[in-house]
2 protein chains.
Amino acid sequence: MTRHGAAIEALKRTGHRLTPQRVMVLSVIAEQPAHVGVEEIQSRVKAVYPYMDQATVYRTIHLLKELGLVTEIQAGGASRYELSASGRHHHMVCRECGGAFDLSPSYLEEFRATLVRDFGFEPDLDHFAVAGRCASCGGKRVSPAAAISTERK
Amino acid sequence: MTRHGAAIEALKRTGHRLTPQRVMVLSVIAEQPAHVGVEEIQSRVKAVYPYMDQATVYRTIHLLKELGLVTEIQAGGASRYELSASGRHHHMVCRECGGAFDLSPSYLEEFRATLVRDFGFEPDLDHFAVAGRCASCGGKRVSPAAAISTERK
DNA sequence: CGGGTTGTTGCAAGCGTTTGCAATAACAGT
DNA sequence: ACTGTTATTGCAAACGCTTGCAACAACCCG
């Protein structure tokens with residue numbers, strides 16, 4: 001099983017279609033030792049499948065990120081991506097129902113990068129949790145991604 | 001004294017130049033009852049000073065935001081702005097020197113909007129503080145803006 | 001295994017925002 | 001006031017990313 005096999009299964013499990021494009025994007029990200037840029041993902045896939053489009057790369061990445069399969073790193077204006085380390089992750093806790101939801105580090109990464117860029121302040125975000133109100137108890141939009149990240153109780 | 005008089009003084013006090021363009025942007029934001037979009041700011045200023053450029057509006061807004069004089073609101077792809085309510089603000093606390101820095105709500109706003117959009121999760125960010133390491137104790141970049149937001153002890 | 005449904009793709013145009021650059025103008029010092 | 005220094009501006013082009021749309025193909029079901 002390749003390094004991204006689990007991610008592929010997660011895709012199917014969450015009711016998303018397993019298209020060649022998605023597999024290719026995932027495998028490019030997986031076979032890279034470090035993080036990859038969108039442009040590099042696209043050009044590598046294009047070498048094999050020339051019709052691959054920018055928009056598809058972005059849409060795929062966006063999906064993978066929402067599912068927590070891929071982690072986003074801000075690097076000077078552009079974003080870079082890598083397979084999520086299964087270890088570190090954070091939580092959103094609902095005040096209403098007490099439910100806990102996984103929050104992939106990528107979401108905090110954006111916040112962190114902003115503080116560093118604007119203030120030179122390096123926040124310590126390990127062991128970080130956000131309190132609030134989840135979708136079913138009165139939050140706004142419900143995304144399909146929310147489903148899989150739910151942990152009971 | 002106009003509603004944005006204090007903001008103008010803050011600009012000078014922090015060593016930035018008081019250009020007509022900056023004053024105009026500030027006054028457009030101030031005279032609006034609710035928040036304003038970039039496009040509206042530009043067109044209102046252009047009515048008086050036709051050479052006003054998009055880039056200048058963006059650069060000015062960016063500055064005002066860093067100084068905490070203006071608060072950013074995310075609204076469906078585009079950003080809107082309003083004079084900062086002096087009341088609500090958050091803190092960054094340095095583990096090293098114990099120093100506290102003001103963090104304008106706009107920074108958390110971005111984070112909040114993301115959680116709402118992707119998960120329907122409405123975080124409660126009032127009374128919110130971030131721990132970490134400030135610029136002088138080992139953070140990354142130092143921006144002039146950091147200076148004014150410093151509070152002793 | 002073939003047919004229908006519906007998520008996904010490629011394309012292209014557009015979005016909001018940022019950037020490099022040379023010219024300009026704000027402010028400090030005298 | 002005048003001058004020098006240096007931040008800031010206007011302009012234009014580019015950036016990274018998102019979106020609407022019609023064509024397509026992955027999957028569910030019998």
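Every chain is numbered from 1, with letters handed out A, B, ... down the list of sequences. Bear in mind the structure is a predicted one, so any value in this text is a computation, not a measurement.
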Rounded to 10°, tell me the angle between the two end axes of the helix from C:dC1-D:dG30 to C:dT30-D:dA1, each built from five pairs.
50°

Can you tell me the distance, in whole Å, between the CD atom of A:Gln42 and the P atom of D:dG16?
12 Å

Would you say a side-chain N or O of B:Thr19 is under 4.0 Å from OP1 or OP2 of D:dT8?
no

Measuring from the side chain of A:Ala78 (C-beta onward, heavy atoms only), which nucleotide among D:dG16, D:dA7, C:dG10 has the closest atom?
D:dG16

OP1 or OP2 of C:dT17 less than 4.0 angstrom from a side-chain nitrogen or oxygen of B:Ser79, does that happen here?
yes

Would a single hydrophobic cluster contain both A:Leu26 and A:Val48, if residues Ile, Leu, Val, Met, Phe, Trp and Tyr are joined by side-chain heavy-atom contacts under 4.5 Å?
no

To the nearest angstrom, how far is A:Leu67 atom CG from C:dG7 atom P?
16 Å

Is a side-chain N or O of B:Arg80 found less than 3.5 angstrom from the main chain of B:Ile73, in a donor-acceptor match?
no

Please give me the minimum heavy-atom distance between A:Arg3 and A:Ala30, naming the atom from each residue.
NH2-O, 2.8 Å

Round to a whole Å and report the spacing from CZ of A:Arg17 to P of C:dT5.
13 Å

Which whole-number value in Å describes the distance from B:Asp53 CG to C:dG16 C1'?
14 Å

Atom-to-atom span, CD of A:Gln21 to C1' of D:dC24 - whole angstrom:
10 Å

Return the nearest nucleotide to the side chain of B:Met52; candidates are C:dG10, D:dT5, D:dG10.
D:dG10

With distance as the sole test, does A:Thr56 use its side chain to make a donor-acceptor pair with the main-chain N or O of A:Met52 at under 3.5 Å?
no

Distance, rounded to the nearest Å, where A:Met24 contributes CE and C:dG10 contributes C1'
12 Å

Would you mind reading off the distance between B:Glu39 atom CD and C:dC15 atom P, rounded to a whole angstrom?
9 Å

Winner on side-chain proximity to A:Thr56, out of D:dG10, C:dT9, D:dT18, is C:dT9

D:dC11 phosphate, OP1 or OP2, under 4.0 Å from B:Tyr51 side-chain N/O
no

Can a side-chain donor-acceptor contact be found between A:Glu72 and A:Ser79 if the only test is distance below 3.5 angstrom?
yes

Using a 4.0 Å heavy-atom cut-off across all strands, classify A:Pro50 as base, sugar-phosphate, or nothing.
nothing

B:Gln54 side chain near D:dA12 phosphate (N/O to OP1/OP2, under 4.0 Å)
no

Under-4.0 Å side-chain N/O to phosphate OP1/OP2 contact, A:Tyr58 with D:dT18
no

Mind checking whether A:Leu64 and A:Tyr81 have side chains closer than 4.5 Å, heavy atoms only?
no

Which of these nucleotides, C:dT19, D:dT9, C:dG7, is closest to any side-chain atom of B:Ala55?
C:dT19

Do A:Arg59 side-chain and C:dT9 base share a donor-acceptor contact under 3.5 Å?
no

How about B:Glu31: does its CD atom have over 12 heavy atoms from other parts shown lying under 6.0 Å from it?
yes

Residue closer to the 5' end of DNA chain C, A:Gly15 versus B:His62 (nearest nucleotide)
A:Gly15

Rounded to whole Å, please give me the gap between CG in B:Leu11 and P in C:dC27.
10 Å

Under a 3.5 Å distance rule, please check whether B:Arg22 uses its side chain to pair with a backbone N or O of B:Arg17 as donor and acceptor.
yes

Look at the side chain of A:Val38 and decide which nucleotide, out of D:dA26, D:dC17, D:dT8, has an atom nearest to it.
D:dC17

